[in-house]
Peer 1: 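Below is a structure I'd like to ask you about.
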Number of protein chains: 2
Amino acid sequence: MKNRRHKEILEIITQYDIGTQTELANLLRMRNFQITQATVSRDIKELGLVKSTDSNGNHKYVLPMDSSSGRELTRLERVIMDTVTEVDSTENLVLVKTLPGSANLLASLLDHSGWLEMMGTIAGDDTMLIIVKDKDNVPLICERIQKKMG
Amino acid sequence: MKNRRHKEILEIITQYDIGTQTELANLLRMRNFQITQATVSRDIKELGLVKSTDSNGNHKYVLPMDSSSGRELTRLERVIMDTVTEVDSTENLVLVKTLPGSANLLASLLDHSGWLEMMGTIAGDDTMLIIVKDKDNVPLICERIQKKMG
DNA sequence: CTATTTGCTGAATAATTATGCATGCATATG
DNA sequence: CATATGCATGCATAATTATTCAGCAAATAG
């Protein structure tokens, strides 16, 4: 039941400060996983856990922030996350509301984003319109933006 | 000499895949740092480096994304990072060039940033001016922005 | 100037982690 | 059924890393 154990490991390391694999193996054994340090070593490798040094100089296993997301956010993604407040649509138009002053920036980024479904954008101060070629793609575009809004 | 070495270590690990401390120590010795694995162990601790497992199952030392900054970036910081291209100053004015269309957004964020040294901002399309109360504070403001530019 | 403190380091070694090999189990294959 | 294949695992141990102890040099205090 490796999977069950992996979940347990993630819970344990968020709850306790685990400094060594033996320590973790012991906690797991208390929770009825009958395993050894060798297995923990493999689990840690598979989970992508990492032994980091905290501010007090102590070592501790953690799941690195960026291993869950896997990659850097692009500029477009960051700007969407930071400025978009609302997404709506009618027919072949997507209407995006942003914080004041941001709509032009966002439009400019989208124009260069390579999203082929778009014919173009128009932006005011806090509102932007995306004109979509085929209205079947409107939900796709909306979803793409909404997923990045956080 | 430790500081110089730390910089070198960061350069090395971004350039090569370093799997062990001995490996790193050898590279450093080739570069005229006369040190041993013990010192590398301490350096790694101080730098906050972390031995992570890549997708091929190989181990490798890296500087975790989030340990350098230690915290989430604010919206202001992200926007500066994403849009500012140039910072200059004369007298009590700081002139900030941005990517086209971003200056207003940036100005608006700065207006609400609580940077007390500023009297106010004026923004065009890709240029923003910060009016600083006391011209002694101009270098401070410039530096603050430049540090966030990446 | 001498003593003391502080920081950095290597050597040796303790502590920890990764792995080669063997085993058991489950499932596919002939 | 007999055999093969693929995991997951423990054991033993190799490989790697962290630390203890001692030395040394520079800075600081007396």
Side-chain angles (χ1 to χ4, degrees), chain A residues 1-70, chain B residues 1-70:
Chain A
M1 241 321 106
K2 189 167 66 157
N3 240 302
R4 177 92 192 74
R5 192 176 64 235
H6 280 191
K7 280 182 196 162
E8 196 75 21
I9 288 177
L10 292 177
E11 280 183 28
I12 291 176
I13 67 159
T14 56
Q15 190 160 5
Y16 303 94
D17 287 1
I18 304 298
T20 74
Q21 297 181 1
T22 307
E23 207 174 326
L24 185 47
N26 289 337
L27 282 182
L28 285 167
R29 277 198 289 267
M30 275 188 228
R31 292 167 191 224
N32 291 98
F33 294 93
Q34 170 50 37
I35 44 94
T36 64
Q37 171 268 323
T39 298
V40 171
S41 171
R42 293 175 186 120
D43 285 346
I44 282 175
K45 187 170 181 172
E46 285 165 28
L47 286 167
L49 298 188
V50 127
K51 192 180 190 173
S52 78
T53 307
D54 72 16
S55 41
N56 308 319
N58 298 317
H59 297 287
K60 167 182 173 182
Y61 280 100
V62 298
L63 183 62
M65 296 286 290
D66 53 308
S67 94
S68 45
S69 67
Chain B
M1 209 21 30
K2 190 169 64 160
N3 239 302
R4 177 95 191 73
R5 192 177 63 235
H6 280 190
K7 279 182 195 162
E8 196 76 19
I9 288 177
L10 292 176
E11 281 183 27
I12 290 176
I13 67 158
T14 55
Q15 189 159 7
Y16 303 94
D17 287 0
I18 304 298
T20 74
Q21 297 181 1
T22 309
E23 209 174 325
L24 184 48
N26 288 338
L27 282 182
L28 285 166
R29 276 197 290 267
M30 276 187 228
R31 293 167 189 224
N32 291 97
F33 294 94
Q34 171 50 36
I35 45 92
T36 64
Q37 173 268 322
T39 298
V40 171
S41 172
R42 294 178 187 116
D43 286 346
I44 282 176
K45 187 171 182 172
E46 285 165 28
L47 287 168
L49 298 187
V50 127
K51 192 180 190 173
S52 78
T53 307
D54 71 16
S55 41
N56 307 319
N58 297 318
H59 297 287
K60 168 181 173 182
Y61 280 100
V62 298
L63 182 61
M65 297 285 295
D66 53 309
S67 97
S68 50
S69 62

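Throughout, protein chains are lettered first and strands after them, A, B, ... in sequence-line order, and every chain is numbered starting at 1. No hydrogens, no waters, no symmetry mates; every other heavy atom, side chains included, goes into these values.
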Peer 1: Starting at the 5' end of nucleotides 16-23 of chain C, put B wherever the base has a protein heavy atom under 4.0 Å, S where only the sugar-phosphate does, and a dash everywhere else.
Peer 2: SBBBB---
Peer 1: Provide the closest heavy-atom pair for B:Leu63 versus B:Ile13 in the form atom of the first, atom of the second, distance.
Peer 2: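 Heavy-atom minimum between the residues: N-CD1, 3.9 Å.
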Peer 1: Would you compute the distance between atom CZ of A:Arg5 and atom CD of A:Gln34 and round it to the nearest 0.5 angstrom?
Peer 2: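 So the CZ of A:Arg5 and the CD of A:Gln34 are separated by 11.0 Å.
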Peer 1: Measuring from atom CD of A:Gln37 to atom CD of A:Glu23, what distance do you get when rounded to the nearest 0.5 angstrom?
Peer 2: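 Separation between the atoms: 12.5 Å.
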Peer 1: Could you check how far CZ of B:Arg4 sits from P of C:dT9, rounded to whole Å?
Peer 2: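 B:Arg4 atom CZ is separated from C:dT9 atom P by 14 Å.
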Peer 1: Show the distances under 3.5 angstrom between N or O atoms of the protein and N or O atoms of nucleotides 25-28 of chain C.
Peer 2:
none

Peer 1: With rounding to the nearest 0.5 angstrom, report the CG to OH distance, A:Asp17 to A:Tyr61.
Peer 2: 13.5 Å
Peer 1: Between C:dG24 atom P and A:Lys2 atom NZ, what is the distance in whole Å?
Peer 2: 21 Å
Peer 1: So A:Leu27 and A:Ile9, do their side chains get closer than 4.5 Å, heavy atoms only?
Peer 2: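 Counting from C-beta outward, A:Ile9 and A:Leu27 never come under 4.5 Å.
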Peer 1: Would A:Arg29 and A:Asn26 satisfy side chain to side chain contact (heavy atoms under 4.5 Å, CB included), going step by step from the backbone distance to the final call?
Peer 2: CA-CA 5 Å; A:Arg29 277 198 289 267; A:Asn26 289 337; 2.7 Å; yes
Peer 1: Quick check for you: to the nearest 0.5 Å, what is the distance between B:Asp43 atom CG and B:Leu24 atom CG?
Peer 2: 8.0 Å
Peer 1: Do you know the tightest heavy-atom contact between A:Ser41 and A:Gln21?
Peer 2: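 Shortest heavy-atom contact: CB-OE1, 3.2 Å.
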Peer 1: List in numerical order all residues of residues 25-35 of chain B for which some heavy atom is under 4.0 Å away from an atom belonging to DNA chain C.
Peer 2: B:Gln34, B:Ile35
Peer 1: Which pair of non-hydrogen atoms, one from A:Ser52 and one from A:Val62, has the smallest distance, and what is that distance?
Peer 2: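 Between these two residues, the closest heavy atoms are OG-CG2, 3.8 Å.
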Peer 1: Before accepting this row, confirm whether a basic side-chain N of the pair B:Glu11/B:Lys7 lies closer than 4.0 Å to the acidic partner's carboxylate O.
Peer 2: no
